[in-house]
Amino acid sequence: MPGEEDIRFFKDLFSQVYYLTKKGDRKVIEAVVTDCENINWFYNWIIYSIKMAELCARAVKMDSKSICEAVITNLEILLQDTEVFKGKPRTCDLGFLKNELTRSYERAVELIVQNGTVEDLEKALGILERLDDETGTSVDHVMCGPLTDAEFLGLMARFLTVDNYKIVEPYLLKTQNKIEKNEVYDCVAAAKLRFVSLISKYNQSEALQYFDICTRYLVAYGFHKDIILEQIMDSYGSGMFHFCCKLINNILHREIIIWINTNPQFLSLPNNHIFNATRIL
């Protein structure tokens with residue numbers, strides 16, 4: 001079964017496909033594609049990556065419409081044979097390829113952003129969203145698969161602009177909502193904070209609403225000791241700094257109140273000592 005030691009092999013394979021396409025030699029490419037057909041999702045990804053390497057080699061001679069049509073056709077290969085436990089390696093066994101998988105999707109979205117319309121981008125995101133939904137598996141409330149919710153969120157963040165925000169924003173919202181259902185504690189908090197940080201550049205009023213929700217999650221997770229205040233602050237993007245300044249006192253106040261009311265040492269203190277402790281904030 002392929003493993004981490006084979007990553008260099010895949011990189012070399014796709015590089016060779018690129019150069020063979022430049023030379024007009026498709027015999028080897030066709031042979032590899034034939035060998036990979038009708039096995040499982042992993043081998044479909046190899047076919048997809050070969051097709052994308054061919055497309056990148058030919059793109060300079062193609063018009064924008066043809067490039068986008070080819071990208072969408074290639075992405076649809078990833079929706080074939082999505083049974084998660086079929087064959088080896090299974091979709092849940094592909095952690096060793098995480099970076100290569102993500103880069104292969106980013107290559108497709110990048111071509112769409114450079115050459116297509118927002119409608120083309122919406123088609124591409126729709127396919128990747130289905131890939132996320134159909135191939136993801138949960139192990140102890142941690143998602144794994146060829147494209148997890150968190151990875152999809154990160155991919156969209158890379159290509160988010162003021163021009164495509166209205167198209168991308170619903171996918172951002174749905175994805176962070178899925179993270180809330182599938183993940184636990186600090187993963188959910190980090191996803192919500194990342195979502196707020198992203199949309200704050202384009203819709204500050206909506207960002208503030210979600211930021212208020214974030215503070216409630218963070219306080220609850222602080223109580224469960226699955227995320228500490230230092231981690232909370234590290235999760236903030238630079239774009240959210242002004243929000244932090246306005247609301248950090250509120251977060252601290254909620255944290256100390258929970259701590260005081262659940263700590264036996266504080267519960268035994270006179271009320272005036274508790275009052276003085278909270279006044280520090």
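Minimum heavy-atom separation, Glu206 to Tyr165: OE1-OH, 3.6 Å. The two atoms that bring Ala108 and Met52 nearest to each other are CA-CE, 3.7 Å, heavy atoms only. Taking both residues in full, the closest heavy atoms of Ile39 and Asp35 are given as CD1-O, 3.4 Å, listed atom of the first, atom of the second, then distance. When every heavy atom of Lys166 is checked against every heavy atom of Pro170, the shortest pair comes out as O-CD, 3.3 Å. Contact between Pro146 and Thr135 at its shortest, heavy atoms only, is CD-OG1, 3.4 Å.
Under the 4.5 Å side-chain criterion, counting only non-hydrogen atoms from C-beta, Leu111 is in contact with Gln114. Within the 4.5 Å cutoff, side-chain heavy atoms of Leu160 are placed close to those of Leu172. The shortest distance between side-chain heavy atoms of Trp45 and Leu97 falls below 4.5 Å. Using a 4.5 Å cut-off on side-chain heavy atoms (C-beta onward), Trp41 and Leu78 make contact. Asn40 has its side chain out of reach of Glu83: every pair of non-hydrogen atoms, C-beta onward, lies at least 4.5 Å apart. Taking 4.5 Å as the limit, some side-chain heavy atom of Cys92 sits within range of a side-chain heavy atom of Phe85. Residues Leu128 and Leu75 meet the side-chain proximity criterion, which asks for heavy atoms closer than 4.5 Å. Side chains of Asn44 and Ile47 form a contact here, defined as non-hydrogen atoms less than 4.5 Å apart.
In this structure a side-chain-to-backbone donor-acceptor pair under 3.5 Å is present from Tyr48 to Ser104.
To the nearest 0.5 Å, the span separating CG on Asp93 from OG1 on Thr137 amounts to 9.0 Å. Here Leu20 contributes atom CG and Ile50 contributes atom CD1; the two are 10.5 Å apart, rounded to the nearest 0.5 Å. Note that CD1 of Ile199 is 6.0 Å distant from CD of Glu169, once rounded to the nearest 0.5 Å. With values rounded to the nearest 0.5 angstrom, Leu147 atom CG is found 12.0 Å from Glu134 atom CD. Taken from CG in Asn115 to CD1 in Ile67, the straight-line distance is 4.0 Å, to the nearest 0.5 Å. Note that CG of Leu101 is 10.5 Å distant from OG1 of Thr148, once rounded to the nearest 0.5 Å.
The hydrophobic clustering, which links ILVMFWY residues whose side-chain heavy atoms are closer than 4.5 Å, places Ile29 and Ile46 together. Cluster membership for Leu198 and Ile167, using ILVMFWY side-chain heavy atoms within less than 4.5 angstrom, is not shared. Grouping the Ile, Leu, Val, Met, Phe, Trp and Tyr side chains by contacts below 4.5 angstrom, directly or via other members, places Phe42 apart from Val84. No chain of hydrophobic side-chain contacts below 4.5 Å, direct or via other Ile, Leu, Val, Met, Phe, Trp or Tyr residues, connects Ile112 to Val60. With hydrophobic clusters built from ILVMFWY side chains whose heavy atoms lie under 4.5 angstrom apart, Val118 does not share a cluster with Val113.
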(request) Begin with the C-alpha distance, continue with both residues' side-chain angles, and end with the deciding distance and a verdict on side-chain contact (heavy atoms from CB on, under 4.5 Å) for Glu69 and Met62. (result) CA-CA 11 Å; Glu69 288 175 349; Met62 298 170 63; over 6 Å; no

(message) Assess the residue pair Glu110 and Arg107 against the criterion (salt bridge (Lys or Arg N to Asp or Glu O under 4.0 Å)); give the C-alpha distance rounded to whole Å, side-chain angles, the decisive distance to 0.1 Å, and a yes or no.
(response) CA-CA 5 Å; Glu110 185 174 24; Arg107 194 172 298 117; over 6 Å; no

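Side-chain contact of Thr102 with Asn99: a donor-acceptor pair under 3.5 Å is absent, judged by distance alone.
Relative to the six-membered ring of Tyr171, Lys174 meets both conditions, a distance below 6.0 Å and an angle of at most 45° to the axis.
Across Arg26, Gln16, Glu54, a single residue satisfies side chain to side chain contact (heavy atoms under 4.5 Å, CB included) together with Thr21, and that is Glu54.
Salt bridge Arg103/Glu100: present, at least one basic N to carboxylate O contact under 4.0 Å.
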